[in-house]
Amino acid sequence: MIITVDDIMDRYEQVIELAKRRGFLWNSFELYGGTAGFYDYGPLGSTLKRGIEQIWREIYVIQEGFMEIECPTIGIEEVFVASGHVGGFSDPLCECEQCKEAFRADHLIKHIMEEADGLSNEELDRIIEQNGVKCPECGGNIGNIYEFNLMFKTQIGPGSGRKGYLRPETAQGMFVDFLKLARYYRDKLPFGATQIGKSYRNEISPRQGVIRLREFTQAEAEIFIDPMVKSHPNIQRFENTSLNLYSDTAQEMGRSQIMTIREAVDKGIIAHEFLAYQVALVDHFLQRVGITADKLRFRQHRKDEMAHYAIDCWDAEVLTDRFGWVEVVGIADRTDYDLSAHAKMSKTELSIYSEYEQPRMVEKFVIKPNMGKMGPMFKDKAKVVAEALKALPQEAFEKEEIKVSVDGEDLTVPRELVEFVQETFKVSGENIVPHVIEPSFGIDRILYSVLEHAYDEEIIPAKASEGNNEDETRIVLRFRKEVSPIKVAVLPLLTRKELIEPAKEIVARLKDKGLMVSYDDSGTIGRRYRRNDEIGTPYCITVDYDTLEDNTVTVRDRDNMQQVRVSIDAIDDVLHELLYKGKEFETVGKPL
RNA sequence: GCGCCGAUGGUCUAGCGGCUAUGACUGGGGCCUUCCAAGCCCUAAACCCGGGUUCGAAUCCCGGUUGGCGCACCA
């Protein structure tokens with residue numbers, strides 16, 4: 001029996017070990033002992049991350065047309081008061097002194113006070129003490145209340161400057177810039193904006209490596225749509241796409257179902273077509289960066305876990321070896337919650353004028369005081385009397401005499417001084433507050449998932465001819481070529497000047513084409529192939545003595561170790577077709 | 001934040017109060033080598049931090065940091 005690393009390490013450990021060793025991920029500040037919740041992306045890690053982000057941009061920014069913006073990572077207090085983060089993110093906690101169970105203080109006194117939200121910690125302490133509130137678990141005494149706030153607080157400017165917070169999500173920037181974005185998009189719904197950047201949450205106890213960080217990268221799109229139009233013009237693109245849906249009812253049954261987008265919309269499982277399109281788009285993105293299809297599902301938020309303002313919310317979840325299903329993307333219909341909240345806070349109308357397809361004719365009861373007669377009768381009061389008349393309800397005009405009260409004075413207006421008619425108006429549109437569809441991506445979690453799903457160990461049987469009977473393990477990161485940090489390695493077969501020189505020429509040529517290319521002449525060729533397998537380099541080019549004869553090189557495929565012979569003159573075209581055009585490996589040259 | 005368990009070169013590891021700290025792999029330099037971690041020579045590299053106990057601490061004790069797991073938290 002062969003003992004592989006599988007037997008002693010779980011997949012997470014193997015992946016993280018490789019990631020640290022090869023320069024994908026490093027613990028931050030390790031020189032000083034490290035700090036939980038922070039990771040550095042090493043040379044290969046940040047290249048991989050950029051590749052993933054680039055695909056995201058291609059889909060969301062270029063294809064969907066949601067332009068990218070960049071807002072400060074520090075936000076002022078008002079923004080997060082409006083968003084609910086200041087209130088909702090700062091809960092008063094207290095612990096039982098006996099069993100150490102932690103509770104939210106305001107929850108403990110719910111039965112005493114209905115409205116516990118607005119109370120200060122001192123008041124909460126006092127209420128708990130006066131009412132003799134005990135630990136609901138073990139009956140022990142409740143310790144003093146402390147505040148925990150998941151937002152990092154900072155100060156803007158010197159002294160007692162303005163309060164600021166590191167943003168806990170990138171989304172708010174798009175909401176705050178809503179009017180400017182609307183103008184950029186020339187006041188037409190739907191439109192969207194995106195942002196890729198760092199967000200910060202001061203997690204109480206971050207664990208699980210890169211799955212839960214204190215500083216992390218989000219990619220978010222905020223798509224503003226007409227609340228009355230939740231269809232999607234391009235839905236036919238995904239209609240027949242089958243997704244692994246774990247809906248509210250499916251969760252009750254404990255089993256997800258494979259279903260087409262069309263079916264999910266028709267059966268009302270996904271709230272509406274526009275959201276369904278976004279769910280399918282997330283699926284498209286995740287598979288393109290290399291998430292394994294059968295380790296991906298979309299889980300609907302249960303009614304009780306959904307934010308109160310959301311209509312429907314789906315999480316893309318990825319199956320990982322150690323952590324089980326991990327949420328990597330959330331897709332929510334947040335309705336007009338965010339825009340309305342910011343409108344209220346800023347006292348600015350955040351709406352958009354939406355023109356109807358057809359102008360609508362609206363009937364209205366209109367009061368027209370005859371000012372020519374009102375003037376002589378009411379003199380300087382004529383104007384206020386007229387205003388008062390206009391404010392009266394329709395019934396007031398059904399009587400013989402019309403009574404109005406102006407400045408505490410009751411006046412009687414003869415009927416003939418007022419005309420009232422049903423008039424028909426043309427209304428061509430109205431101000432509406434758009435609804436927001438928000439797909440929100442945790443890039444770090446996606447990157448980890450990509451690493452784990454790409455990780456593979458292959459047993460290479462021992463070669464009897466060489467006398468060793470030890471099987472060996474080949475570790476390969478089977479990245480999608482598009483995301484591989486290094487696209488191609490150029491290797492002289494032997495460390496000899498006459499092979500090194502042409503190899504370096506090839507490196508220079510490929511660099512000119514903008515390819516991320518590496519050069520390696522240390523150790524035997526087999527060792528160098530394995531090194532490149534381990535970091536997921538899709539192709540290796542080897543320069544040998546035949547190269548000097550006929551100007552060809554071998555190209556080796558990472559996944560199956562096969563080789564073809566290709567002319568040097570064609571090498572950049574061949575690589576381009578292999579990497580980006582999906583060309584079959586066997587067709588690009590003569591197999592060896 | 002609480003509880004339990006761990007921490008030795010880049011990685012894995014030996015060590016059980018008496019070292020100049022073991023070994024392998026990896027890395028670097030060289031020799032050799034005509035395609036999948038071969039061989040030979042040379043070389044670099046570690047006891048998480050701080051206190052204590054002791055003649056003497058990688059080893060025992062305490063505190064911290066950090067990693068894993070469980071509880072809580074995850075808007």
Side-chain angles (χ1 to χ4, degrees), chain A residues 5 8-10 12-14 16-18 20-23 26-38 42 80 83-91 93-104 137 143 146 148-151 168-169 201-209 211-214 305-310 322-323 326-327 330 442 458 460 463 465-468 470 472-476 491-496 498-499 522-534 540-549 553-558 560-563 565 592:
Chain A
V5 271
I8 42 175
M9 288 199 260
D10 73 357
Y12 172 81
E13 232 171 323
Q14 293 169 292
I16 291 295
E17 191 272 325
L18 170 62
K20 287 183 176 173
R21 193 158 40 83
R22 288 303 193 184
W26 294 324
N27 282 109
S28 296
F29 319 120
E30 212 166 53
L31 183 63
Y32 292 103
T35 299
F38 296 97
F80 300 117
S83 71
H85 286 100
V86 166
F89 234 28
S90 154
D91 294 325
L93 271 201
C94 56
E95 261 176 35
C96 168
E97 288 171 345
Q98 195 172 308
C99 69
K100 303 295 180 191
E101 195 79 22
F103 303 97
R104 278 185 54 173
E137 292 292 318
Y146 58 91
F148 85 93
N149 193 333
L150 259 51
M151 280 196 292
E169 59 175 26
R201 296 177 191 185
N202 201 0
E203 298 285 351
I204 297 171
S205 142
R207 301 262 182 87
Q208 308 165 323
I211 301 293
R212 215 155 134 230
L213 296 169
R214 289 191 166 121
E305 74 177 297
M306 198 149 47
H308 62 277
Y309 47 81
R322 179 182 284 193
F323 308 118
V326 171
E327 174 196 349
E458 198 175 73
I460 307 289
K463 277 187 294 184
S465 59
E466 284 174 14
N468 57 337
E470 285 277 303
E472 53 169 336
T473 311
R474 183 174 82 112
I475 296 175
V476 197
L491 320 167
L493 183 62
L494 303 171
T495 326
R496 294 220 177 119
E498 61 271 29
L499 299 180
S522 127
T524 62
I525 189 70
R527 181 188 297 277
R528 283 176 275 158
Y529 284 149
R530 294 304 165 80
R531 269 204 281 256
N532 278 290
D533 290 341
E534 214 177 44
C540 292
I541 291 174
T542 306
V543 175
D544 57 21
Y545 279 94
D546 290 345
T547 307
L548 306 180
E549 301 285 314
V553 288
T554 59
V555 178
R556 170 188 180 270
D557 185 295
R558 171 196 72 199
N560 52 25
M561 302 191 282
Q562 284 172 1
Q563 292 181 307
R565 199 86 201 167
L592 290 189

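A note on names: the letters A, B, ... follow the listed sequences, proteins ahead of strands, and every chain is numbered from 1. Because only heavy atoms are used, hydrogens play no part in the values below, and waters and symmetry mates are left out as well, while side chains stay in.
Spacing between atom CG of L18(A) and atom P of rU26(B) amounts to 15 Å, rounded to whole angstrom units. The CZ-P distance, from F38(A) to rU66(B), rounds to 11 Å in whole Å. In this structure, CG of D10(A) is placed 11 Å from P of rG68(B), rounded to the nearest angstrom. Atom pair W26(A):CH2 and rU11(B):P shows a separation of 12 Å (rounding to whole Å applied). The interatomic distance linking K20(A) (NZ) with rC25(B) (P) rounds to 24 Å, in whole Å. Taking atom CZ of residue R531(A) and atom P of nucleotide rG10(B), one finds them 18 Å apart after rounding to whole Å. Per the geometry, CD1 belonging to I16(A) stands 21 Å off P belonging to rA7(B), to the nearest Å. If you take CZ of R527(A) and P of rC32(B), they are 18 Å apart, rounded to a whole angstrom.
Nucleotide rG6(B) has rU66(B) as its partner under the Watson-Crick or G-U criteria, with both atom distances under 3.5 Å. Pair assignment for rC35(B): none, as no Watson-Crick or G-U wobble contacts are both less than 3.5 Å. In this structure, rG56(B) makes no Watson-Crick or G-U wobble pair, since no nucleotide meets both defining distances under 3.5 angstrom. Under the Watson-Crick and G-U wobble criteria, each requiring two contacts below 3.5 Å, nucleotide rA72(B) is left unpaired.
Base engagement by E534(A) is indicated by at least one non-hydrogen atom pair under 4.0 Å involving a base atom. No engagement by G523(A) is indicated, since no non-hydrogen atom pair under 4.0 Å with the nucleic acid exists. Within the 4.0 angstrom heavy-atom criterion, no nucleotide atom of any strand lies near R214(A). Residue contacts for R528(A): at a heavy-atom cut-off of 4.0 Å it reaches no nucleic acid atom on any strand shown. Within the nucleic acid shown, T554(A) comes within 4.0 Å of at least one base atom, counting heavy atoms only. Nucleic acid contact for R212(A): base, since at least one base atom lies under 4.0 Å from a heavy atom of the residue. Note on S522(A): only backbone sugar-phosphate atoms sit closer than 4.0 angstrom, heavy atoms only; bases stay farther off. Residue contacts for E203(A): at a heavy-atom cut-off of 4.0 Å it reaches no nucleic acid atom on any strand shown.
For R556(A) against rC36(B), a side-chain-to-base donor-acceptor contact under 3.5 Å is present.
Comparing the C1' positions of rG10(B) and rC47(B) gives an interatomic distance of 16 Å, to the nearest angstrom. rG6(B) and rC61(B) have their P atoms separated by 10 Å, given to the nearest Å. Taking atom P on both nucleotides, rU13(B) is separated from rC74(B) by 36 Å, rounded to a whole Å. The same atom, C1', is picked in rU54(B) and in rG39(B); the two are 50 Å apart, to the nearest Å. For the P atom pair drawn from rC69(B) and rG15(B), the interatomic distance equals 26 Å after rounding to whole Å. rA44(B) and rG51(B): their P atoms are spaced 30 Å apart (whole Å). For rU65(B) and rG50(B), the C1' atoms lie 10 Å apart once the distance is rounded to whole Å. Separation of the P atoms belonging to rG9(B) and rG70(B) is 26 Å when rounded to the nearest angstrom.
Closest approach of P206(A) to R212(A), counting heavy atoms only: CB-O, 3.5 Å.
Between E472(A) and E458(A), the closest side-chain pair of non-hydrogen atoms is not below 4.5 Å. With a 4.5 Å cut-off on side-chain heavy atoms, Y529(A) and T542(A) count as touching. Put simply, the side chain of R565(A) does not reach to within 4.5 Å of the side chain of V555(A), judged on heavy atoms.
The CZ atom of R556(A) lies 13.0 Å from the CD1 atom of I541(A); values are rounded to the nearest 0.5 Å.
Salt bridge R322(A)/E13(A): present, at least one basic N to carboxylate O contact under 4.0 Å. Between R558(A) and D533(A) no salt bridge is recorded (no basic side-chain N to carboxylate O distance below 4.0 Å).
Taking for each of E169(A) and T35(A) the nucleotide of RNA chain B with the nearest heavy atom, the 5'-most of the two is the partner of T35(A). Comparing Y32(A) and L493(A) by the nucleotide of RNA chain B that holds the closest heavy atom to each, the one mapping nearer the 5' end is L493(A).
Considering only side-chain N and O atoms, R496(A) lies under 4.0 angstrom from the phosphate OP1 or OP2 of rU33(B). The shortest distance between the side-chain N/O atoms of T542(A) and the OP1/OP2 oxygens of rC35(B) is not below 4.0 Å. Distances shown here put a side-chain N or O of R322(A) below 4.0 Å from the OP1 or OP2 atom of rC69(B).
Listed nucleotides: rC32(B), rA37(B), rA38(B). Nearest to the side chain of T524(A): rA38(B). Nearest nucleotide to the side chain of E17(A), out of rC69(B), rU11(B), rC35(B): rU11(B). Nearest to the side-chain atoms of L494(A) among the listed nucleotides rU33(B), rC36(B), rA38(B) stands rU33(B). Closest to the H85(A) side chain, of the nucleotides rG67(B), rA37(B), rA75(B), is rA75(B).
With hydrogens and angles ignored, the 3.5 Å screen pairs a side-chain donor or acceptor of W26(A) with a backbone N or O of K20(A).
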